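Please read all numbers here as calculations on a predicted model, not as lab measurements. Below, all heavy atoms of this structure are taken into account, side chains as well, without hydrogens, waters or symmetry copies. Both counts, for ligands and for their atoms, begin at 1 and track the order of listing.
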Amino acid sequence: MVGSAFRRVAHVCVYLVRKASSVSRGHQHPALGSRPAASGFTAQGAPGGVLELLGQSYPQDDYSNLSRKVLSSVGRNLHNQQYHPLWLIKERVKEHFYKQYVGRFGTPLFSVFDNFSPVVTTWQNFDSLLIPADHPSRKKGDNYYLNQTYMLRAHTSAHQWDLLHAGLDAFLVVGDVYRRDQIDSQHYPVFHQLEGVRLFSKHELFAGVKDGESLQFFEQSSRSAHKQETHTMEAVKLVEFDLKQTLTRLVTHLFGDDLDIRWVDCYFPFTHPSFEMEIHFHGEWLEVLGCGVMEQQLVNSAGAQDRIGWAFGLGLERLAMILYDIPDIRLFWSEDERFLKQFRVSDISQKVTFQVHHHSTSMQELLLFPSSASANTFPNPWTHHAQQHSY
Ligand code: FA5
Ligand code: MG
């Protein structure tokens with residue numbers, strides 16, 4: 001039940017830090033140039049070459065590590081394809097935020113952006129979010145770099161700073177994100193995130209509090225597990241409550257009341273305190289989002305020093321898998337009509353339960369990856385690559 005949502009679970013997560021095994025794989029990887037030319041994963045070009053992507057040219061250097069396979073995923077924009085399950089979820093989240101949160105003039109409070117290029121600077125993806133220069137999440141083996149300066153975003157948080165700097169107080173960003181992750185039924189190197197950010201003025205946050213005029217946002221104290229050194233406990237608790245309530249309402253809107261969720265304490269360099277939401281699904285706790293109270297240093301550097309806010313980033317595939325009972329994340333890339341047509345509904349809120357055995361179709365057929373592998377393994381070129389080159 002959603003009632004259990006506020007149960008805290010002692011658990012630590014670390015933003016973008018992979019299991020030791022996958023981190024070391026990055027180190028062991030042979031030089032990019034030594035990959036066989038026939039492989040779909042061969043890095044394009046070499047230092048001295050130029051990469052053309054989405055109408056821009058990027059000089060290559062020894063950071064460049066995009067494979068042909070990943071390049072072919074850039075621009076697919078599954079989240080903008082009408083009736084694709086990721087589009088359906090995006091539309092339902094948008095509808096919920098538009099209806100639920102109305103601004104002063106009766107207009108939607110949250111602005112929605114779903115068309116930003118996935119090419120960002122390393123400053124946007126890391127530095128703007130206070131991710132230190134030596135943080136393991138910057139590893140070449142974990143990201144797709146166009147060159148030293150440009151990369152495919154590893155999360156939609158890469159756009160937070162720019163939108164705050166532009167003066168926005170409430171926004172959603174939807175986009176494809178890229179990580180050199182190990183593949184299994186829940187992880188894929190390209191997936192989709194939906195980011196939400198909300199800043200509050202003092203008036204907005206304390207408006208509902210009786211005798212709240214004397215309350216403050218800021219003080220000089222020390223950082224604890226519960227708050228940042230510049231925040232008052234009152235402000236943080238109200239922001240945290242609003243964040244968890246907003247997200248609990250969102251998942252209740254999507255899934256209905258009959259859903260078991262829990263909050264797990266967590267760590268991100270750009271929020272404190274930080275949390276993950278997990279949903280109980282098929283006997284397991286599945287992490288669907290990370291969130292927290294925004295680091296004030298980030299908010300200040302973007303020019304909103306009189307505000308305090310929350311941010312969250314959720315995985316669209318994870319939500320869609322639970323909502324539509326889709327058993328494997330690779331299915332989202334299927335171009336098979338038997339998969340896609342199941343989501344062509346007249347009303348975006350209509351219940352859809354994905355049928356694998358529709359007209360005796362097997363999972364392998366629907367995944368539509370060319371296979372030379374045995375019938376028992378998922379025929380997936382990403383994994384072939386990992387096996388051949390042990391990266
Ligand atoms: C982040 O990416 C943070 N930027 C989220 C955030 C935003 C925190 C704003 C605080 C404030 P994380 O790496 O945990 O965090 O990813 C967020 C979500 O993306 C996960 O909860 C999960 O739902 C989804 N996700 C992560 N990796 C994968 C993957 N390889 N495949 C599919 N979904 C994934
Ligand atoms: Mg996480």
Should the proximity of Glu287 to ligand 1, defined as any heavy atom under 4.0 Å, be assigned to the side chain, the backbone, both, or neither?
both
How does Phe270 reach ligand 1, by side chain, by backbone, by both or by neither, if only non-hydrogen atoms under 4.0 Å count?
side chain
Purely on distance, is any nitrogen or oxygen of [X] under 3.5 Å from one on ligand 1?
X	value
Gln160	no
Asp181	yes
Glu195	no
Ser157	yes
His155	yes
Ile329	no

Any link between Val120 and Trp123 through a network of hydrophobic side chains (Ile, Leu, Val, Met, Phe, Trp, Tyr) touching at under 4.5 Å?
yes
In the hydrophobic clustering (ILVMFWY, side-chain contacts below 4.5 Å, transitive), which residues join Val177, or is it alone?
Phe191
Starting from Phe105, walk the hydrophobic network (Ile, Leu, Val, Met, Phe, Trp, Tyr; side-chain heavy atoms closer than 4.5 Å) and list everyone else you reach, by chain and number.
none
Take the angle between the ring planes of Phe332 and His84 and call it parallel below 30°, perpendicular above 60°, tilted in between.
tilted
Evaluate the ring planes of Trp87 and Tyr83, with Trp represented by its six-membered ring, and classify them as parallel (under 30°), tilted (30 to 60°) or perpendicular (over 60°).
perpendicular
Please determine whether any non-hydrogen atom of [X] lies less than 4.0 Å from an atom of ligand 1.
X	result
Glu317	no
Trp310	no
Gln186	yes

Where ligand 1 meets [X] - atom numbers and elements under 4.0 angstrom, heavy-atom basis:
X	answer
Arg179	1 (C), 2 (O), 12 (P), 13 (O), 16 (O), 26 (C), 27 (N)
Gly315	18 (C), 19 (O), 23 (O), 24 (C)
Ala311	9 (C), 11 (C)
Leu289	21 (O)
Val288	21 (O), 23 (O)
Phe312	7 (C), 9 (C)
Thr271	10 (C), 11 (C)
Cys291	8 (C), 10 (C)

Got a sec: does the [atom1] of [X] have more than 12 other heavy atoms crowding it under 6.0 Å?
X	atom1	answer
His165	NE2	no
Gln297	CD	no
Tyr150	OH	no

When the aromatic ring centroids of [X] and [Y] are compared, is their separation below 6.0 Å?
X	Y	result
Phe200	Phe206	no
Phe110	Tyr101	yes
His155	Phe268	no

Got Thr149 and Tyr58 here, is their nearest side-chain heavy-atom distance under 4.5 Å?
no
Write the atom name of the N, O or S atom in Glu287 that is nearest the Mg ion (ligand 2).
OE2
